Protein chains: 2
Amino acid sequence: MKENESAWPMGIKKTKQRKFVLDVLEHAESPLSASDIFDKARSEDSSCWLSTVYRILDYFVSEGLAVKTAVMDSSMALYELNRNQHRHYAVCVNCHKVVELMNCPMEKFEPEIAENDFRIVGHRVEMYGYCKDCDRKMSGIH
Amino acid sequence: MKENESAWPMGIKKTKQRKFVLDVLEHAESPLSASDIFDKARSEDSSCWLSTVYRILDYFVSEGLAVKTAVMDSSMALYELNRNQHRHYAVCVNCHKVVELMNCPMEKFEPEIAENDFRIVGHRVEMYGYCKDCDRKMSGIH
DNA sequence: TTTCTACTTGCAAATGATTCGCATTCGCGT
DNA sequence: ACGCGAATGCGAATCATTTGCAAGTAGAAA
């Protein structure tokens with residue numbers, strides 16, 4: 001009874017390492033870095049070299065399975081599953097927690113671009129500020 | 001008659017290298033990387049070590065004189081003068097040209113955040129797609 | 001099921017951006 | 001001009017990411 005696992009994406013060769021990475025991404029609540037995934041592999045039985053994680057992640061991105069979501073102020077690239085739906089995040093500038101944004105500011109937006117005729121295919125939005133915990137902590141201090 | 005130069009920002013110690021970096025940023029049309037600035041220094045008389053450029057840039061950012069604007073798909077951080085006005089960019093996914101966005105999608109946006117009570121202090125928006133040259137080139141090919 | 005081959009991975013070493021350490025030099029107030 | 005603290009030159013260190021290559025493996029073909 002492992003049928004509650006997602007079907008394996010077609011056209012992707014199935015290996016232990018790829019299964020592991022996909023599984024981690026599927027259960028992640030927020031975007032993960034390559035070394036997040038690598039660490040998780042070490043802590044569990046599954047072993048998988050860091051460069052392999054990078055390769056798998058790049059491959060997933062190239063296949064449209066995952067998306068690369070670098071977050072400002074982070075020196076590392078973050079990856080998440082491509083859920084084929086818009087997602088944007090708010091990042092706490094204090095603790096770097098990443099929180100999902102439930103609506104998208106682009107929905108009703110008509111961009112005016114300096115160079116005319118720029119064919120837009122996507123966008124990235126990121127809010128930053130203080131999450132409730134940090135905000136509370138900081139107002140306590142002052 | 002050098003009075004058309006901007007006044008030197010107060011509280012900032014004036015050095016040859018800082019003057020150079022500030023001048024480059026003032027005349028830049030789009031965000032620059034540390035090595036863009038370093039290269040410009042080499043090509044002109046002004047010499048200035050790369051690590052110094054980084055230090056100056058960090059310092060400018062900490063003083064609110066400049067802002068760090070990492071762009072997706074670029075491995076380098078980009079810096080631009082803090083013109084105390086909102087700026088967002090569209091980035092060409094083909095040639096990586098950076099083009100300014102004339103309006104801001106956040107103007108009329110009420111964010112709904114997964115975690116309630118996130119105190120937003122800023123945001124980052126980036127559109128991506130094809131600039132007119134690349135778009136033209138690519139439709140020519142197909 | 002066994003074989004064959006192309007694709008994957010383990011591993012180590014390379015790379016590229018950025019930072020750090022420290023001796024020297026340079027602004028700038030006195 | 002003098003002196004001190006801050007800024008720079010320079011090289012070496014660091015960190016994330018990439019690459020090269022030999023060995024291992026999935027899965028199509030036999």
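Numbers restart at 1 for each chain; the letters A, B, ... are given by sequence-line order, proteins then strands. The model shown is predicted, which means the values in this text are computed figures rather than measured ones.
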Just the rounded figure in Å: distance from [atom2] of [N] to [atom1] of [X].
| X | N | atom1 | atom2 | answer |
| --- | --- | --- | --- | --- |
| B:F60 | D:dA7 | CZ | P | 11 Å |
| B:L57 | C:dA17 | CG | C1' | 13 Å |
| B:L50 | D:dC10 | CG | P | 13 Å |
| A:W49 | C:dC11 | CH2 | P | 5 Å |
| B:I12 | D:dT8 | CD1 | P | 11 Å |
| A:K68 | D:dT17 | NZ | P | 7 Å |
| A:Y59 | C:dT8 | OH | C1' | 11 Å |
| A:F38 | C:dT9 | CZ | C1' | 13 Å |

Sugar-phosphate, base or nothing in reach of [X], heavy atoms under 4.0 Å:
| X | result |
| --- | --- |
| B:R55 | base |
| B:S51 | base |
| B:K14 | sugar-phosphate |

Among the nucleotides C:dA12, D:dA16, C:dA17, whichever has the atom closest to the side chain of B:Y54 is C:dA17
Side-chain contact check for B:I56: nearest option of C:dC7, D:dT8, C:dC28 is D:dT8
- Is there a side-chain contact between B:I37 and B:F20, using heavy atoms and a 4.5 Å cut-off? yes
5'-most contact on DNA chain C (nearest-nucleotide basis), A:S47 vs B:K16, goes to A:S47
Result for 5'-nearest mapping on DNA chain C, choosing between B:K13 and B:S75, is B:S75
| When the ring planes of A:F38 and A:W49 are compared, do they come out parallel, tilted or perpendicular, using 30° and 60° as the limits? | perpendicular
B:F118 and A:Y128 have their tightest heavy-atom pair at CE2-C, 4.0 Å
Closest non-hydrogen contact found for B:Y59 with B:G11 is OH-O, 3.9 Å
Practice item. Check the hydrophobic clustering (I, L, V, M, F, W, Y; side-chain heavy atoms under 4.5 Å; chains of links allowed) and say if B:L32 and B:L57 are grouped together. Key: yes
(Q) At less than 4.0 Å, is any side-chain N or O atom of B:Q17 found next to OP1 or OP2 of C:dC26? Yes or no. (A) no
**Item:** Side-chain N or O of A:T52 closer than 4.0 Å to phosphate OP1/OP2 of C:dT8
**Value:** no
